[in-house]
Student: 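This is the structure, below, for whatever I ask next.
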Amino acid sequence: MTTGYFTTKCVDGRWQLIDFNGKPVFSLGMNGVYNQIIDQSAWLRVDFVDKYGADANWLKRWADDKLRQVKGWGFNTLGAWHEKYYWGDGTPKTVEIRMSRFAKKANFNWGIGFPDVFDKSFKASVYKALAECFYEKGEDLLQDRGLIGYYTDNELHWWGSSGKWGDNDPDLGYQSTGLVDDYFELPPHAAGKQAWVQFIADKYGSIERLNEAWGSEYLELDDLLYIAVYRAKPNVLEEDKTGFLRRIAEVYFSTTNAALRLYDPHRLNLGCRMVGTSTPPVVLEVMKEYADLLSLNFYSFELPEKWLQAVSQMMNMPIMITEFSFCAGREAGYLKSTNGARNVLVRDQARRAEAYSAFVNRAASLPYMVGVHWFALYDYANPDGLIGNYGCLDMHDEPWEQFVAAITPVNAALNGR
């Protein structure tokens, strides 16, 4: 059946991503197909303007050349963070909107921080981000048959500022309610802190019932507004924290999904690009009611298949790895690597290709997996930010030839399956 849009379906126990022509496709994505003339200008070893023509069409020539390279290596999807130049060209693509970026925050632990979803600024941020996305070239995007769907945010830390980043196998922190602790730290006037106290008031009804359940001695429910560490029976407090975490997730996913459907009711809601296995189960339970696909970012050599299988069954939806990489260190000129690269360092380009092949082939064999997206097109060398041999291209805008030559037939085989 041809819908004209990307969809997903489960056939004989295997999930499929269906393209605009009604054909199944395994999404092999390339993240970061954007021009780095600004954010990497101090570390690039090439002048993009001179290299691509030194006239008003230099960016067009750069973009056409990069798309040719990416497709030539067998990647069939433009992943997160690509140039708007590609909007409307029919190339399969995913778009990350980062809806929370303007909202007041419950913490600032990573990236843009985690939003206070109860504050009015959160809904305002969602709609402002969408308006910016669809302004100017937005009509091209809406008419783009290659548009798969949208990520609402990037790597929100649902486990809070006290949790572990990007664990690739569930551990004792997997059930973390640390995000609720961040809400506890908000001042009394903050919407998130007031929402927590209202949640407790709705559940218990009176200070007497709360004190009985918690084993506490508070005089008024409003006393909870002014403290961040509570006297309570640990198991009871943890149950209440889990309930409030569910409430946070309900507000986040219902708000972002409603807004997204208003702007584009046809494309897939790809969720918020979760990090590894770190997201607490209660959040995933809520997410399944709103998203169409679970997006996960991994920096590991193996996938936690038992966990992935259980999550796919619980959520009844397909999974896509929307960020992974393998990075050489000293051999590629990177004595220091940051972020995910530290978890996936290898000795040389041949080993990078070997790890890539094993990862994508194994992922493609799993019945719930519908795509894998590589991070990224370019290496990064910002000493105050991201550093590492993440790219298919180096700081000279030249391919890592041994790597791309080896992964091209791997991608071709998956495209032709």
Side-chain angles (χ1 to χ4, degrees), residues 8 10 14-17 26-32 77 79-81 94-98 110-111 114 148-159 163-171 173-176 179 249 252-253 256 268-288 290-326 339-341 343-344 355-356 358-376 390:
T8 63
C10 190
R14 175 172 285 275
W15 280 100
Q16 295 178 335
L17 180 65
F26 189 76
S27 179
L28 292 165
M30 175 66 77
N31 286 308
T77 304
W81 315 302
T94 59
V95 173
E96 192 257 311
I97 301 177
R98 204 157 303 199
W110 166 255
F114 196 96
I148 297 172
Y150 307 92
Y151 310 109
T152 58
D153 269 299
N154 180 57
E155 295 186 347
L156 294 180
H157 282 203
W158 287 96
W159 58 94
K164 295 181 180 180
W165 183 89
D167 290 334
N168 291 317
D169 285 297
D171 59 13
Y174 175 51
Q175 303 281 352
S176 173
L179 179 59
Y252 175 85
F253 289 112
T256 55
L268 298 177
N269 180 337
L270 304 175
C272 55
R273 305 181 90 240
M274 303 292 195
V275 183
T277 64
S278 303
T279 304
V282 65
V283 176
L284 299 176
E285 290 173 4
V286 174
M287 179 183 170
K288 70 180 182 181
Y290 300 98
D292 299 301
L293 183 152
L294 174 60
S295 302
L296 294 171
N297 295 351
F298 280 96
Y299 284 87
S300 63
F301 290 92
E302 296 181 354
L303 291 169
E305 295 179 25
K306 183 177 180 180
W307 178 83
L308 288 168
Q309 175 69 24
V311 167
S312 177
Q313 290 179 344
M314 182 268 287
M315 300 183 74
N316 190 32
M317 65 173 57
I319 296 173
M320 187 157 66
I321 305 302
T322 47
E323 190 172 319
F324 79 105
S325 197
F326 303 102
N339 292 21
N343 298 324
V344 289
Y356 178 95
F359 189 94
V360 299
N361 280 318
R362 185 56 190 161
S365 74
L366 300 175
Y368 43 80
M369 198 70 67
V370 296
V372 291
H373 291 190
W374 174 261
F375 184 87
Y390 291 93

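Keep in mind it's a predicted model, so treat the numbers as computed, not measured. Hydrogens, waters and symmetry mates play no part in the numbers below; they use all other heavy atoms, side chains included.
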Student: Is it the case that the side chains of Gln313 and Tyr368 hold a donor-acceptor pair, with the cut-off being a distance below 3.5 Å and no angle test?
Tutor: no
Student: CD1 of Ile148 to CE of Met320: how many Å apart, nearest 0.5 Å?
Tutor: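 Nearest 0.5 Å value for the CD1-CE distance: 6.0 Å.
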Student: Should Thr322 and Thr94 be marked as a side-chain contact (heavy atoms from CB on, under 4.5 Å) after you check the CA-CA gap, both sets of side-chain angles, and the distance that decides it?
Tutor: CA-CA 10 Å; Thr322 47; Thr94 59; over 6 Å; no
Student: Under the side chain to side chain contact (heavy atoms under 4.5 Å, CB included) test, which residues partner Ala80, sequence neighbours left out?
Tutor: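 Per chain and number, Ala80 pairs via side chain to side chain contact (heavy atoms under 4.5 Å, CB included) with Asn31, Glu96, Tyr151, Arg273.
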Student: Quick one: side chain to side chain contact (heavy atoms under 4.5 Å, CB included) partners of Ala249, sequence neighbours excluded?
Tutor: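 Testing Ala249 for side chain to side chain contact (heavy atoms under 4.5 Å, CB included), a comparison that skips the adjacent residues, returns Trp158, Phe253, Val283, Val286.
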Student: If you count the non-hydrogen atoms of other residues, nucleotides and ligands that lie under 6.0 Å from CD in Gln309, is the total more than 12?
Tutor: yes
Student: Keeping Ser325 on the side-chain end and Phe375 on the backbone end, is there a donor-acceptor pair under 3.5 Å?
Tutor: yes
Student: Donor-acceptor check, side chain of Asn269 to backbone of Asp292, threshold 3.5 angstrom: yes or no?
Tutor: no
Student: Between the side chains of Tyr252 and Thr152, does any donor sit under 3.5 Å from an acceptor?
Tutor: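 Short answer, yes.
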Student: For residues Met317 and Leu293, report the shortest heavy-atom separation together with the two atoms involved.
Tutor: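 That closest heavy-atom pairing would be SD-C, 3.6 Å.
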Student: What distance separates His373 NE2 from Glu323 CD, expressed to the nearest 0.5 Å?
Tutor: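 It is 11.5 Å, given to the nearest 0.5 Å.
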Student: When rounded to the nearest 0.5 angstrom, what distance separates CE in Met369 from CD in Gln16?
Tutor: 15.0 Å
Student: Test side-chain contact (heavy atoms from CB on, under 4.5 Å) on Ile321 and Leu303 and set out the steps.
Tutor: CA-CA 10 Å; Ile321 305 302; Leu303 291 169; 4.2 Å; yes
Student: Looking at Ser295 and Gly271, would you say the former's side chain and the latter's main chain have a donor-acceptor pair under 3.5 Å?
Tutor: no
Student: Mind listing the closest non-hydrogen atom pair of His157 and Leu179 along with its distance?
Tutor: O-CD1, 4.2 Å
Student: So does Ala341 get a backbone contact from the side chain of Tyr390, meaning a donor-acceptor N/O pair under 3.5 Å?
Tutor: yes
Student: So, the side chain of Thr8 versus the backbone of Leu17: is there a donor-acceptor pair under 3.5 Å, distance only?
Tutor: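 Looks like no, no N/O pair under 3.5 Å.
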Student: Considering the options Leu294, Val311, Asn154, Asp153, which one meets the side chain to side chain contact (heavy atoms under 4.5 Å, CB included) requirement together with Met274?
Tutor: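 With Met274 as partner, side chain to side chain contact (heavy atoms under 4.5 Å, CB included) holds for just one option, Leu294.
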Student: Can you tell if the side chain of Leu308 reaches within under 4.5 Å of the side chain of Leu296, non-hydrogen atoms only?
Tutor: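 SC-SC contact between Leu308 and Leu296 confirmed.
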Student: Report yes or no: does Ser365 contribute a side-chain atom to a donor-acceptor pair with the main-chain N or O of Arg362 at less than 3.5 Å?
Tutor: yes
Student: Could you tell me whether the side chain of Thr279 reaches within less than 4.5 Å of the side chain of Met287, counting heavy atoms only?
Tutor: no
Student: Strictly distance-based, threshold 3.5 Å: is any side-chain N or O of Thr77 a donor or acceptor partner for the main-chain N or O of Gly79?
Tutor: no
Student: Within the 4.5 Å heavy-atom criterion, are Leu28 and Trp374 side-chain neighbours or not?
Tutor: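 A side-chain contact under 4.5 Å is absent here.
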Student: Are the ring centres of Phe324 and Phe298 closer than 6.0 Å?
Tutor: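 Here the rings of Phe298 and Phe324 have centres that are no less than 6.0 Å from each other.
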